[in-house]
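Labels below follow one simple rule: chain letters A, B, ... track the order of the sequence lines, proteins then strands, and each chain is numbered from 1. Values reported hereafter were calculated over all heavy atoms of this structure, with side chains retained and with hydrogens, waters and symmetry mates removed. Just so it is clear, the structure is predicted and the values come from calculations on it, not from any experiment.
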Amino acid sequence: MNLFEYVRPSSIAEAVAAAGEPGSAYLGAGTNLLDLMKGGVTRPSRLVDLTHLPDLNGIETLPDGSARIGALVKNSALAHDPDFAKRFPVVAEALLAGASAQLRNAATVGGNLMQRTRCSYFNDPASACNKREPGTGCDALGGENRSHAVLGWSDHCIAVHPSDFCVPLAALGAIVEIAGAGGQREVPLTDFHRLPGDTPDRETVLEAGEMIVAVRLPADAAAFADHQRYLKVRERTSYAFALASAAAALKIENGTIVEARLALGGVATKPWRAKAAEALLAGAAPGKQVFEKAAEAAFAEARPSGDNGYKIELGKRVVARVLAMAAAGTPDRMPALPASPFAPIPEGVVNV
Amino acid sequence: MNLSLTLTINGKRREIVLDDPRVTLLDLLRERLDLTGSKKGCDRGQCGACTILVHGQRINSCLALAISYDGASITTIEGLADGDALHPVQQAFIDHDGFQCGFCTPGQIMSAVGLIAEAQAGEDAERVREAMSGNICRCGAYKGITEAVLDAQAKISAGKERDAA
Amino acid sequence: MSEIASLPTGSRQRQGSNIGQPMTRREGVLKVTGQATYAADNNPEGLLYAVVATATIARGRVTHLDVEAAKAHPGVVEVLTPQNRPPLALDPDAKLHGFMFRLDLLQNDGVRYAGQPIALVVARTLEAANEGAALLAPQYEVEAPRVDLDGENFVPEVVGPGAPARAETGDFDAEYAGSAKTLEATYETPPQYHNAMEPHSIVAAWDGDRLSIDMPTQGMAMAIDRVAGLFGIPAENIHIRSPFLGGGFGSKGMPAGPQMLGIIAAKHVGAPVKLVLSRQQMYGPVGHRGQTRQTLRLGMSDDGRLTAIEHHTLASTSRFDDFVEPASNASHTLYAAPGIRTTHEGARIDIGTPMFMRAPGEASGSAALEGAIDEAAFAARMDPLDFRLLNYAEVEPISGKPFSSKALRECYAKGAERFGWAKRPLEPRSMRDAEGRLVGWGVGTAMFPAIMFQAAARAVIRADGSGLMETGAHDMGQGAWTALHQIAADGLGLSMDETEFRAGSSDLPDAGIAGGSGHTATAGMALHRAGEDVIAKLTELAVNDENSPLYGAGNVGVVARNGRLVRQDDESRGEPYAAILQRAGLAEIEGKGQGVPDAGPREKYAMDAHGAVFAEVTVDPDLGQIRVTRLIGAFAAGRVINPRMVESQYYGGMIWGISFALHEEAVHDKRSGRIMNANLAEYRVPVNADVPSLETILVHEDDPYVNALGIKGVGEIGVTGTVGAIAGAIWHATGVRVRRFPINVADLLEGAAAR
Ligand SMILES: Cc1cc2nc3c(=O)[nH]c(=O)nc-3n(C[C@H](O)[C@H](O)[C@H](O)COP(=O)(O)OP(=O)(O)OC[C@H]3O[C@@H](n4cnc5c(N)ncnc54)[C@H](O)[C@@H]3O)c2cc1C
Ligand code: SF4
Ligand code: FES
Ligand code: FES
């Protein structure tokens with residue numbers, strides 16, 4: 001790890017000013033940033049420590065019914081907040097399906113949104129990587145890419161966005177509140193992360209010095225509380241990133257899906273909202289067939305970026321399953337194995 | 001750059017002046033404060049051997065920048081026993097053979113103490129396994145670990161009930 | 001109550017109170033309080049930190065290192081490269097015997113695998129040393145590497161540490177040609193890395209030409225020998241302390257190159273140096289389990305009797321040294337057939353040299369063999385357990401030798417009963433759990449040879465009647481501090497608390513190697529013999545002393561029990577050890593013992609531990625994710641010294657089996673040769689949630705031949721059999737036969753699609 005200047009601002013304004021300098025990076029809990037610095041993947045010359053800032057630690061319900069989560073709220077604190085978890089159970093389930101208890105106790109909401117890809121070439125400074133060093137090429141193309149993206153990739157980058165948390169946020173239409181030198185602005189989460197295109201190094205819409213101050217879940221997102229689930233397939237039962245995951249939220253009235261929300265994780269270069277699938281579901285009666293159709297729609301544009309064609313099939317099955325689980329209803333209690341295929345499955349959901 | 005910080009480690013307040021901003025909590029404990037009970041298995045948040053409690057919550061000390069934790073109250077494996085009297089989790093790990101080589105053990109035990117305080121798992125072994133999955137044991141002592149956590153948790157809550165009565 | 005029959009009347013079956021007891025670990029309190037000191041926990045005064053810089057290419061030459069930049073970094077004290085590395089007394093590429101492996105000690109600018117040390121940075125802090133190493137920014141002349149098995153191969157002279165590469169009994173070709181049914185299957189196993197939780201580390205300090213080392217090692221004496229040779233100092237000038245290893249699994253059997261670099265650094269800078277490998281650096285210079293491609297050809301009669309077994313292994317080794325995974329040899333012992341042939345080939349590729357890794361040969365070999373046996377059973381329309389019983393080896397198939405003991409039938413029976421195996425339907429894909437997931441059951445046979453090395457021990461009885469036993473044994477988690485202490489106490493006829501037990505330091509008698517599952521047997525036998533020796537000497541004193549109640553009892557024999565010597569024919573007549581020594585005016589009396597394999601019985605008998613593992617897996621039929629929901633292993637491994645520790649060894653081994661079957665695999669980028677998942681997040685090993693249910697059954701077995709204590713070994717056998725059981729269960733659940741490990745989600749999705 002390189003030497004750096006450590007700055008501890010006492011206000012958002014100070015933070016933004018300090019981080020405006022080139023080479024600066026914000027420090028949340030550091031569970032991703034320090035990891036990258038130890039690996040020589042990033043070498044910031046200044047760390048601006050956000051963790052001592054006041055007022056970014058709250059989970060509040062705003063007068064309009066939306067929920068506002070401060071950027072420094074710990075992943076575990078959010079997942080275990082009883083009121084929040086009741087209104088947005090899919091968010092809690094996704095959070096608890098990510099990383100480990102220790103990491104969730106440290107990791108911040110802002111840091112989670114900003115975490116970098118697990119692409120092994122990105123994480124290996126000896127490899128060519130357009131994301132790490134623009135213009136050097138992409139060693140994942142033609143390399144070990146079984147875990148890479150099938151949606152949203154470009155010839156410049158095929159890396160997956162690794163966050164679980166962001167998947168339900170995308171589905172539920174979360175808003176990211178941003179502070180910068182010019183004041184505050186907000187962006188829908190689905191617009192917050194960028195597609196790689198030919199600038200995979202630019203991962204979000206944040207400009208130099210801008211920071212996340214909060215994430216908001218709009219009031220209407222709570223209307224899905226009775227029917228929402230997260231499902232995550234991974235190569236071990238816990239403490240592993242997703243091969244494919246999906247968050248589904250349904251508003252069901254009188255046996256009809258009035259509105260559907262669906263987003264994908266582990267398969268795309270950013271948290272992936274599946275709007276075409278949502279449209280297909282709206283107005284339909286919940287059922288295997290329509291769920292499978294929705295799954296097809298969600299992956300209609302998917303194509304392998306290497307040895308990862310299996311992810312398309314897997315992703316479809318995850319979608320069909322998570323929709324069926326959501327339709328069956330949010331469980332009263334978080335399953336022992338959150339978001340795992342080995343958590344209890346509602347009857348009739350498994351294909352026989 | 002002001003690199004001085006105050007930590008309360010195992011109940012003792014310590015003023016620390018760092019000569020380097022890069023020091024992690026784990027390296028601070030191990031290499032500068034001679035508290036070598038916390039172990040480094042990966043240094044990258046992938047194994048849990050470095051687990052300590054910060055304000056009672058378990059975290060990976062290898063991915064925690066020491067200077068950022070100014071003001072924190074920390075418990076390490078060295079601070080768990082009360083003199084010669086082992087913490088119930090420590091005793092349970094011995095009783096259930098919840099370790100072999102012992103290298104992951106300080107992290108497992110701190111993680112278990114954190115888990116019991118979180119009170120999320122109850123008596124459900126499956127919840128305990130999931131909640132302890134951030135601590136890798138290459139020796140494969142998981143069965144004993146899970147039994148030890150359940151046993152210690154039962155003893156701790158029995159103790160609390162007794163105290164309340 | 002402890003008892004030992006003394007010489008000269010010869011040893012008697014002992015009824016010691018310590019052996020066989022499920023005692024908790026003697027070092028338990030140290031380990032749960034953080035006070036057990038592993039090598040890297042030592043911080044001597046004036047300590048400097050060394051960090052190795054490793055190659056990012058797999059083949060070629062280092063053309064430039066930015067030594068200036070590294071040296072300019074605040075805190076960096078010195079940079080060692082091939083240019084300034086002090087000379088060694090022995091070429092690190094010298095290979096004087098089969099157990100000597102070539103090391104990378106900055107002898108030249110060549111790179112022969114990714115992860116090879118190419119320089120060393122010494123600094124006042126760990127942070128500075130790490131950054132110094134990064135600042136070296138090596139440049140290379142790169143050659144195209146080869147990291148897989150496709151390409152040119154060779155036939156090795158020996159496999160493993162020295163077994164013949166080919167073995168045969170009967171006429172395989174004729175038997176195979178004449179078989180009613182034949183089956184051919186190719187299985188692949190990936191490169192695997194030991195990944196002990198404790199990374200290889202060393203704290204080295206020189207004092208003139210004396211060297212003090214804290215270093216985890218599974219072979220203290222071999223390590224001393226290696227260090228003495230490399231540095232040209234007498235063995236007695238070297239002191240290694242290795243009280244605790246944070247796991248070894250074979251990778252700490254031989255001192256690793258980077259650890260030797262720590263010694264070089266300490267010498268060069270004239271201060272104590274700590275060197276600890278990063279997790280990433282554990283993938284290269286400290287050994288691994290080489291990848292294999294194994295082809296099994298089985299012939300059988302119509303009724304499912306095996307007639308021919310051929311097991312061919314192609315295994316990787318490095319370009320510069322030899323260790324070919326002896327995987328085919330798993331077929332020497334397990335199943336009877338008139339024609340058996342085992343062969344090996346090696347592939348020289350650009351990797352660090354593979355080495356012993358928990359159940360070397362047996363793990364990979366039995367994974368493939370058990371898979372093929374499972375396939376053969378189904379081809380014969382037989383239950384896989386019945387098939388194994390039908391082909392049960394009454395004598396060791398390859399040699400025709402009888403087994404010194406073999407309670408495998410009982411293992412099968414007890415395991416099957418506990419598991420409920422009788423209810424297993426023959427057809428795959430015929431069981432579901434309550435929620436509709438696929439369920440499958442599989443079985444595998446476990447086997448591991450009862451190996452012994454050589455060890456020595458010293459026994460002392462002191463004037464106060466207490467005892468001391470010493471042997472430089474190694475506890476890497478298997479429980480040596482406890483099990484050997486139990487044997488030691490019984491050897492002296494004392495309780496554990498009356499017996500001081502010392503181990504883990506090189507100034508004690510050589511305890512041999514903690515490997516091959518042979519440490520308890522070997523070091524245990526040394527302790528046992530040392531106990532006999534000291535008791536015999538004590539007896540000698542007593543029976544010749546007119547003032548002793550045992551005077552003249554030499555002919556009837558004397559028994560040591562509870563700190564007393566008593567007459568064998570009249571146990572009321574005797575006296576405490578202390579009385580004998582005090583009368584003789586001795587402060588203590590000393591005995592010595594050796595633990596060595598008994599050549600006679602070993603010629604006559606095949607000696608192996610056996611077991612049967614039963615696995616239940618649950619597979620999500622849509623998503624392909626797998627979980628081993630139940631694993632039961634029944635093992636017969638001779639005398640059990642401490643059932644608690646033995647069970648833990650089996651559990652650990654079985655979890656390694658889960659890992660082999662479902663998780664671990666090092667993935668090389670074929671172009672660069674680098675391992676792309678050299679960490680613990682993407683190189684997956686099981687986590688707690690992967691192990692919902694584990695059971696072991698300790699099947700009683702008396703073995704009169706293996707050694708006087710009747711001990712076989714328990715450390716490695718758990719891996720074997722388990723892999724095959726899980727793979728068989730996955731097939732039984734899904735109908736998809738995956739012949740490549742680890743079996744993963746994509747395999748089952750693709751398999752399901754192809755089905
Ligand atoms: C072994 C391991 C396994 C993991 N498994 C999973 C998993 O399964 N699922 C999953 O979703 N995640 C997983 N994670 C990732 C984990 O969730 C992230 O590391 C964590 O959320 C990052 O939060 P942090 O506060 O530590 O961020 P930091 O490390 O402090 O910061 C991460 C990035 O965000 C920037 N940043 C931080 N806060 C702000 C802010 N307020 N505004 C702007 N920029 C900011 C930083 O500059 C940095 O670039 C895993 C991590 C590890 C190490
Ligand atoms: S996929 Fe993206 S992150 Fe990975 S190597 Fe290519 S450019 Fe870099
Ligand atoms: S050392 Fe911190 S998680 Fe491994
Ligand atoms: S006890 Fe050895 S790693 Fe857990």
* Any donor-acceptor pair under 3.5 Å from A:Arg118 side chain to A:Pro162 backbone ->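 No, the answer is negative, given that no donor and acceptor are paired below the 3.5 Å cut-off.
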* C:Val736 versus C:Asp747: any side-chain heavy-atom pair under 4.5 Å? ->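 No - every pair of side-chain heavy atoms lies 4.5 Å or more apart.
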* **Sub-4.5 Å side-chain heavy-atom contact between A:Pro346 and A:Met325** =>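 They are in contact (side-chain heavy atoms under 4.5 Å apart), so the answer is yes.
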Residue part contacting chain C, namely of [X], when any heavy atom lies under 4.5 Å:
X: A:Leu243; answer: side chain
X: A:Asp124; answer: side chain
X: A:Lys232; answer: backbone
X: A:Tyr239; answer: side chain

* Nearest-0.5 Å distance, OH of residue A:Tyr121 to CD of residue A:Glu144 ->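 Interatomic distance, A:Tyr121 OH to A:Glu144 CD, rounded to 0.5 Å: 5.0 Å.
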* **C:Phe741 and C:Phe660 aromatic ring geometry - parallel, tilted or perpendicular at 30°/60° bounds** =>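 Ring orientation of C:Phe660 relative to C:Phe741: perpendicular.
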* To do: Report yes or no: do C:Tyr683 and C:Glu665 form a side-chain donor-acceptor pair below 3.5 Å?
  =>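 On atom types as modelled, these side chains do not qualify, holding no pair under 3.5 Å.
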Please classify the contact of [X] with chain A as side chain, backbone, both or neither, using a heavy-atom distance under 4.5 Å.
X: C:Asn677; result: neither
X: C:Val667; result: side chain
X: C:Pro74; result: side chain
X: C:Arg671; result: side chain
X: C:Leu680; result: backbone
X: C:Glu682; result: side chain

Tell me, out of [options], who's got the most heavy-atom pairs with chain C below 4.5 Å.
options: A:Gly143, A:Ala336, A:Ser340; answer: A:Gly143
options: A:Val349, A:Asn308, A:Leu3, A:Val233; answer: A:Val233
options: A:Asp139, A:Asn123, A:Leu337, A:Leu231; answer: A:Asp139
options: A:Arg43, A:Glu347, A:Arg146, A:Glu313; answer: A:Arg43
options: A:Ser127, A:Gly39, A:Ala240, A:Gly40; answer: A:Ser127

* **Closest non-hydrogen atom pair between C:Ala615 and C:Leu631, with its separation** =>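 Scanning both residues, the minimum pair turns out to be CB-CD1, 3.5 Å.
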Name the option with the most non-hydrogen atom pairs under 4.5 Å to chain A; the candidates are [options].
options: C:Asn130, C:Leu623, C:Leu135; value: C:Leu623
options: C:His668, C:Gln280, C:His663, C:Arg437; value: C:Arg437
options: C:Asn679, C:Ile626, C:Ile57, C:Asn688; value: C:Ile626

* Is the count of non-hydrogen atoms from other residues, nucleotides or ligands lying under 6.0 Å from A:Glu235 atom CD greater than 12? ->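 Count over threshold, so yes.
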* Asked: For C:Arg124, does the CZ atom have more than 12 heavy-atom neighbours from other residues, nucleotides or ligands under 6.0 Å away?
  ->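 Atom CZ in C:Arg124 is not packed in, count stays at 12 or less.
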* Passing candidate, side chain to side chain contact (heavy atoms under 4.5 Å, CB included) with C:Val628, options C:Thr618, C:Asp690, C:Ile730, C:Leu662 ->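 With C:Val628 as partner, C:Thr618, C:Asp690, C:Ile730, C:Leu662 yield a single side chain to side chain contact (heavy atoms under 4.5 Å, CB included), made by C:Leu662.
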* Asked: What do the steps show when you test A:Arg321 against C:Asp620 for salt bridge (charged side-chain N to carboxylate O under 4.0 Å, His left out), and what is the final call?
  -> CA-CA 11 Å; A:Arg321 168 75 63 83; C:Asp620 190 298; 2.7 Å; yes
